[in-house]
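I have placed the structure first, in the form of structure tokens, so that the comments after it can refer back to it.
Reckoned from all heavy atoms, side chains included, excluding hydrogens, waters and symmetry mates. For this chain, numbers begin at 1 and follow the sequence in order. Atoms within a ligand are numbered from 1 in the order they appear, just like the ligands themselves.
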Amino acid sequence: MHITAKDLAGLIPPGFTLGVATSAFQIEGALDEDGRGPAGWDVFSAKPGAIVDGHSPAVASDHYHRMPDDVAQMKQLGVDSYRFSLSWPRIQPKGSGPVNRAGLDFYDRLLDELLANGISPMVTIYHWDTPLALDDAGGWLNRDTAYRLGEFAAIAAAAYGDRVARWVTINEPATVATNGYTLGLHSPGEALLLDALPAVHHQLLGHGLAVQALRAAGVPGEIGMSNVYSPMVPNTINPLDKLSAGVMDIAQNRLYADPVLTGKYPDLIRAAKFFGSFDHPDEDMLIISQPLDFYGLNYYMPTKVAVGSGDGAVPAGMAEAMGSDLTAAAGSGTPFHIEPWPEADITAYGWPVKPEYMGVALKEMAERYPNLPPVILTEIGASFEDIIVRDKSTNNTFIPDERRLKYLSDHIETALRATAPGGEAEAIDLRGVYVWSLLDNFEWSAGLNQPFGLLHVDFDTLERTPKASYFWLQELIEERNLATAADAAVAKAIGP
Ligand code: PNW
């Protein structure tokens, strides 16, 4: 069971944002329309074997053509805010040089539509769809890509700065570096293992340069970035399991959070020659660690780590999980591996459902980073196979996604309790949560097979159908609104 929507609403502090999130490449389709340039992901996804079942992102959720309807669905849902990303190759087809007016116009219309419907826009500047021209020049291995991102942020600030409430410079550099440059599972398909470190640094530098560009443009919106965080849990009390979990923690969590929040890479990364050279000017660290208005955290699951190469029993879907197949890719004889959680519920992706670790993640962040700015959960969500039930008498369809609904409820409850006074992460000023995702979409190398949406998308007809989780979030927001209105009435009655 899970807490009632009414009781959960009672835990929500004033001013807290309830939102939904998407990204451009995953939902838009229309890859060749209105002057969009190619992205590295267009080419990567066309490679045989790159995407499960050979699925194509060409249409995805067809959001490019259905944007007003999708905004209307959000209005119905009642969300405070919508987090979406800008398609870099739609706006700047080559990643440098001239902008494409028709591409800029699409997000102009989207922003206006959101504001007309009372939905506050949160814009992610970079969510993985690097323009192909930049990938051809080395992508994130090339320092120049960081400067190009800074320039793109300036373009975005000039075009949209007046209407954007929150900016996310870059989404999950860890996933890009691990899946795109370490393991070759994502675009651009590089499998450099430990030599992928420059792709980490240049993304973080790109983040810093984007912050500089937004600040220089004087945008009124809040500025932050989004990192994924997975608590690393040793399989046993064996010190070698603990050591392995510690290494994973450094390689997947701290490698990305420390530079941004403390201005330093973890000591192990700096000291160990075997990570390959990633010499950089000291000044980079000042750019990377500029103060942020909020820190975005994407939370999905904890990771259980054990010493040794394991028996290969990691669930198939875990191949997508952060670094879970770092060991698989490196073959047998690797020093440590990911263990499945035998007792855990698992998602369609094979990811363990462990809501209590939402609290652990926040607690670890609070302990590690005393100067942490306000935190926003920029993504939480789960993929579960959906069943469409048709009522024979009315012909209405219903999607009873109880497991997704419970996942969301449990994780939001845990986060709210952890950050409330007396909670394990009470030092964190939690400002909001965004559900991943508004609608089923192109889940990168998993293709169209991992539905994360509150809205079901039929990928043949492109019809949207709200799932039970959508109606649950709608109810939660209604309850929150009633409680807020009641509080305001009391405050007014009592007077100053
Ligand atoms: C995120 N992990 O990726 C991305 O921001 C989204 O684009 C994506 O659709 C969504 O989560 C679901 O996968 C992740 O290993 C990649 O914990 C890896 C992990 C989490 C999220």
Side-chain angles (χ1 to χ4, degrees), residues 20-28 39 41 45 51-52 55 57 60-61 63 83-85 87 122 124-130 168-180 182-183 185-187 203 225-233 248-249 251-253 256-257 296-305 314-315 317-326 328 338 340-341 346-354 357-358 360-361 376-384 404 407-408 411 434-454 457:
V20 286
T22 63
S23 89
F25 190 77
Q26 294 179 269
I27 64 167
E28 287 179 1
W41 261 100
S45 27
I51 311 295
V52 174
H55 283 166
S61 318
H63 172 73
R83 173 178 176 230
F84 63 94
S85 80
S87 163
M122 176 187 245
T124 306
I125 295 173
Y126 175 74
H127 198 128
W128 308 359
D129 47 354
T130 314
V168 172
T169 54
I170 180 168
N171 178 72
E172 291 191 7
T175 309
V176 172
T178 302
N179 285 344
T182 305
L183 302 174
L185 296 168
H186 280 187
S187 180
Q203 286 187 86
M225 63 97 69
S226 292
N227 267 328
V228 61
Y229 189 95
S230 181
M232 298 297 167
V233 186
M248 276 290 276
D249 187 34
Q252 292 296 327
N253 295 322
Y256 301 90
L297 210 59
N298 295 351
Y299 174 85
Y300 287 89
M301 62 183 154
T303 304
K304 192 185 272 189
V305 189
V314 176
M318 287 286 280
E320 279 299 292
M322 54 186 332
S324 66
D325 48 357
L326 195 55
I338 307 301
W341 298 73
I346 58 167
T347 71
Y349 233 151
W351 296 1
V353 177
K354 290 269 170 192
Y357 281 93
M358 171 84 261
V360 173
I376 297 172
L377 290 166
T378 38
E379 290 178 23
I380 66 160
S383 73
F384 287 110
R404 183 178 292 101
Y407 181 101
L408 296 172
H411 283 75
Y434 289 77
V435 172
W436 185 271
S437 178
L438 171 67
L439 65 174
D440 293 345
N441 59 47
F442 182 80
E443 176 53 32
W444 308 109
S445 49
L448 304 170
N449 293 307
Q450 298 294 339
F452 277 85
L454 299 170
V457 176

Before signing off on this row, confirm whether [X] and ligand 1 have an N or O atom pair separated by under 3.5 Å.
{"X": "W444", "value": "yes"}
{"X": "E379", "value": "yes"}
{"X": "Q26", "value": "yes"}
{"X": "S23", "value": "no"}

With heavy-atom distances below 4.0 Å as the criterion, list the atoms of ligand 1 near [X].
{"X": "M301", "value": "2 (N), 15 (O), 17 (O)"}
{"X": "E443", "value": "8 (C), 9 (O), 12 (C), 13 (O)"}
{"X": "H127", "value": "4 (C), 5 (O), 6 (C), 7 (O)"}
{"X": "V228", "value": "17 (O), 20 (C)"}
{"X": "F452", "value": "12 (C), 13 (O)"}

Test log, rule side-chain contact (heavy atoms from CB on, under 4.5 Å), inputs L183 and T178: CA-CA 6 Å; L183 302 174; T178 302; 3.9 Å; yes
Where does the angle between the aromatic ring planes of F25 and W444 fall among parallel (under 30°), tilted (30 to 60°) and perpendicular (over 60°)?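 If you compare the ring of F25 with that of W444, the planes turn out parallel.
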In terms of ring plane angle, is the pair H127 and W436 parallel, tilted or perpendicular, where the classes change at 30° and 60°?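 Rings of H127 and W436: parallel, under 30°.
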Of the backbone atoms (N, CA, C, O) and the side-chain heavy atoms from C-beta on, which set of Q450 has a member under 4.0 Å from an atom of ligand 1: side chain, backbone, both, or neither?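 No part of Q450 comes within reach of ligand 1.
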Check N441 against ligand 1 and report side chain, backbone, both or neither, counting heavy atoms closer than 4.0 Å.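 It is neither; nothing of N441 touches ligand 1.
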Whether S61 side chain and H63 backbone form a donor-acceptor pair below 3.5 Å: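 Judged by distance alone, no pair lies under 3.5 Å.
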Nearest non-hydrogen contact with atom 11 (O) of ligand 1 belongs to which option: Y229, W436, Y300?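 Looking at heavy atoms only, Y300 sits closest to atom 11 (O) of ligand 1.
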Is the ring centre of Y407 less than 6.0 Å from the ring centre of W351?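 Centroid distance Y407-W351: not below 6.0 Å, so no.
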For Y256 and E172, test the side chains for any donor-to-acceptor distance below 3.5 angstrom and give the result as yes or no.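 Per modelled atom types, Y256 and E172 side chains form no pair under 3.5 Å.
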Might you work through the side-chain contact (heavy atoms from CB on, under 4.5 Å) test for M122 and V168, ending with a clear yes or no? CA-CA 7 Å; M122 176 187 245; V168 172; 4.0 Å; yes
Hey, does M225 have a side-chain heavy atom less than 4.5 Å from the side chain of P173?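 The answer is yes, as the side chains (C-beta and beyond) meet within the 4.5 Å cut-off.
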